[in-house]
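In what follows, a structure is listed as C-alpha cells, so that the remarks can point back to it.
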There are 2 protein chains.
Amino acid sequence: MNGFLKSVCELSPLSEDAVNELSECLCSADFKKGETIHQEGKICKHLFFVESGLAKHQYFHEGSQFIFRFFEDNQFFIATDCFFNNLPAHYSTIALEDSEISYLKYEDFENLCSKYHCFETFARKFVSIVAYTAISNLKGLLYLDATARYAKFLNEYGHLQQRISLGDTAAFLGISQVSLSRIRSRK
Amino acid sequence: MNGFLKSVCELSPLSEDAVNELSECLCSADFKKGETIHQEGKICKHLFFVESGLAKHQYFHEGSQFIFRFFEDNQFFIATDCFFNNLPAHYSTIALEDSEISYLKYEDFENLCSKYHCFETFARKFVSIVAYTAISNLKGLLYLDATARYAKFLNEYGHLQQRISLGDTAAFLGISQVSLSRIRSRK
DNA sequence: GATAGTTTTTTACAAATGTAAAAAAATCAC
DNA sequence: GTGATTTTTTTACATTTGTAAAAAACTATC
C-alpha cells in the first residue's frame, strides 16, 4: 500500500470499495531536484502527496522569491487557487530534492467525494488541516517579528534545517537573507 | 428561513431531512457593540454565523492588538483552534457593532456531517473557503509591504471602511496606527 | 454650540530591515 | 587536493516602521 492511500485511511477510514476505487485512480511521478511539479499561471487541480523527497510552494514578487510552505515526506499538497477556485496557480511547486510524488486528479477526487461519504469526510479533514496550517502561519507573520518567526520555524521545521537553504528559509520567513544571517549571528 | 440555513443551502444543497434537522439545532444570540462572542483561552466549538452586524477575530501580543479577520453580515466564522483541534481559542471574537449571531454546536455539526452526506459536502466547502481566505491573507502578509496591503484591504474590505476604525484597520494590517496614518497621507 | 471624550494626524527620534557589494566559508567537480 | 561555484556572512548606508507624546480633528451629549 502506498503512502497516499495509507495517509488517507489514517485521517479517515475508508470503506473497502472506496479504497479499491481510489487505488485505481492514483498516479505517480518522479521529479529531480529543482524540477517544477506544477507551474504558476497554469491550472493544475491534482491532490498531490509527497511519497519521498521535499518540495516548496514558491512565488516571485518584484524579483524576490517568497515561499508559502515546505512539504516533506507523507504530506499532501495542492495548488490552492486551482483546487479550490479553478483559477490559475498563484505559485509554483518545486522539488527541493529528488522526489516521488503521487497524485489524484481532481475529477477523480470530486467523483470519490460524491460517491463515498467516507471519502468526503477525509476531504473535509484534509482541507481542515490546510486551513489550520495556513492560519497558524498567518498568525506568525501578523504578530511575530523576524527573530520570533525564525524561532517558530526552528521549532516546527527544525528537523528540515539541514535540507533547506538559508535563502529558502529567509524566503519562507518573508525577510532578506542578510536579515536572517544577522538574526542567526545575534544569538 | 434564517440566513444561516440559507447560506448553507447556497453553498451546497441539503436534503429535506437535513434541512429540518439542522433547523432544529440552530441557536441564536444577540451581542452589543464591544461584547465578546467567544473568549481567548476558552474552548468554544460552535460554527457561528453573522445574521447582522460586524465582528473581529482579535488577539493581544505583548500589549498590542492584532486582528486576523473581520466578519460581516452573512459570513460564517469559527474559533479555529477549538473547532479543528479541540484546543483553547488563540483569539477572541468581539462584536464591532450590535450583532445578531446564529450558531450550531459542534456536536450537532459532527452529527449532521456523519448522518448526511450532503451536509458533509457543505462542511468541506465551508472549510475550503476558510482555507482559501487564510492563504490569501497569508500571501498578502508575506510578500506585500504595508502600503500594498492597505491597497489590498481597501479593495477587499473597502465597503466596510466607514465601519472599521483606523486602529482596527492597522491591527489587521499588522502595522502601527501611526504607520497607517502616514501611508494614508502619502497618497 | 460648548464640553468632554475619542480618534486621527503629526512630530521627533530610535530600532529594525532592506539593498548592494565584498569577504569568507562551504560545497562540488574533476 | 585544486579550482570553480555556490552559499553564507559581513559591512555600510538608505529606507521603513515603531514608540511616545502632542496637536488636530471628529463625535457625542447635554
Side-chain angles (χ1 to χ4, degrees), chain A residues 32-35 54 56 58-67 70 94-98 137-154 157-158 160-187, chain B residues 32-35 54 56 58-67 70 94-98 137-154 157-158 160-187:
Chain A
K32 295 267 170 220
K33 176 176 176 173
E35 284 184 343
L54 188 65
K56 63 175 173 182
Q58 164 190 277
Y59 172 64
F60 281 90
H61 183 77
E62 292 175 0
S64 300
Q65 183 203 190
F66 295 88
I67 293 176
F70 299 104
I94 311 289
L96 287 173
E97 302 172 352
D98 294 355
N137 288 342
L138 173 69
K139 285 179 194 168
L141 282 172
L142 188 61
Y143 65 74
L144 297 180
D145 64 16
T147 305
R149 281 211 298 287
Y150 181 57
K152 184 173 187 275
F153 168 82
L154 288 181
Y157 291 91
L160 296 179
Q161 210 192 347
Q162 326 304 331
R163 296 159 72 188
I164 298 175
S165 74
L166 196 73
D168 278 355
T169 304
F172 174 75
L173 298 174
I175 58 178
S176 70
Q177 184 169 326
V178 173
S179 191
L180 177 54
S181 189
R182 275 193 281 241
I183 288 166
R184 276 154 54 113
S185 69
R186 239 179 261 155
K187 51 166 67 174
Chain B
K32 294 268 170 220
K33 177 176 175 173
E35 283 185 344
L54 187 65
K56 63 176 173 180
Q58 164 190 278
Y59 171 64
F60 281 90
H61 183 76
E62 294 177 357
S64 300
Q65 182 202 191
F66 295 89
I67 293 176
F70 299 103
I94 310 289
L96 287 172
E97 302 173 352
D98 294 355
N137 288 342
L138 173 68
K139 285 179 193 166
L141 282 172
L142 187 61
Y143 64 75
L144 297 180
D145 65 13
T147 304
R149 281 210 300 285
Y150 181 58
K152 185 173 186 275
F153 169 81
L154 288 181
Y157 291 92
L160 295 179
Q161 211 192 346
Q162 325 305 330
R163 296 160 70 189
I164 298 174
S165 74
L166 196 74
D168 277 356
T169 304
F172 175 76
L173 298 174
I175 59 179
S176 70
Q177 183 170 326
V178 173
S179 192
L180 177 54
S181 190
R182 275 192 282 242
I183 287 166
R184 276 154 53 111
S185 69
R186 238 179 262 155
K187 51 165 70 173

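A, B, ... follow the sequence lines: proteins, then strands. Residue 1 opens every chain.
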Between [X] ([atom1]) and [N] ([atom2]), how many Å, whole number?
X      : N      : atom1 : atom2 : value
B:Q65  : D:dG18 : CD    : C1'   : 17 Å
A:Q162 : D:dT8  : CD    : P     : 12 Å
A:L142 : D:dT17 : CG    : C1'   : 15 Å
B:Q177 : D:dT19 : CD    : P     : 12 Å
B:R149 : D:dT16 : CZ    : P     : 14 Å
A:L96  : D:dT6  : CG    : P     : 17 Å
B:R182 : D:dT19 : CZ    : P     : 11 Å
B:L173 : D:dT17 : CG    : C1'   : 13 Å

- Query: Judged by atom type as modelled, is there a donor-acceptor pair below 3.5 Å linking the side chain of A:D98 to the main-chain atoms of A:K32?
  - Reply: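 Here the side-chain-to-backbone pair does not exist.
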
- Message: Among D:dA12, D:dT8, D:dT17, which nucleotide has an atom closest to any side-chain atom of B:D145?
- Response: D:dT17

- Note on the structure: Side-chain atoms of A:S165 come closest, of D:dT19, D:dA12, D:dT8, to D:dT8

- Message: Students often get this wrong, so: under 4.0 angstrom with heavy atoms, is A:L180 touching a base, only sugar-phosphate, or nothing?
- Response: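 The answer is nothing, as A:L180 stays clear of every strand by at least 4.0 Å.
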
- Message: Applying a 4.0 Å non-hydrogen cut-off, can you work out what A:S179 is touching in the nucleic acid: base, sugar-phosphate, or nothing?
- Response: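 A:S179: backbone/sugar contact only, no base atoms under 4.0 Å.
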
- Message: With rounding to the nearest 0.5 angstrom, report the CD to CG distance, B:Q161 to B:L166.
- Response: 9.0 Å

So [Y] and [X], do their side chains get closer than 4.5 Å, heavy atoms only?
X      : Y      : value
B:L173 : B:I183 : no
B:K139 : B:K152 : no
A:Y150 : A:T169 : yes
A:F172 : A:I164 : no

- What is the 5' to 3' range of DNA chain C, first to last nucleotide, that sits under 4.0 Å from any heavy atom of chain B?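 So the outermost contacting nucleotides come out as C:dT8 to C:dA12.
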
- Ring geometry between B:Y59 and A:Y143 (parallel below 30°, tilted from 30 to 60°, perpendicular above 60°):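 If you compare the ring of A:Y143 with that of B:Y59, the planes turn out tilted.
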
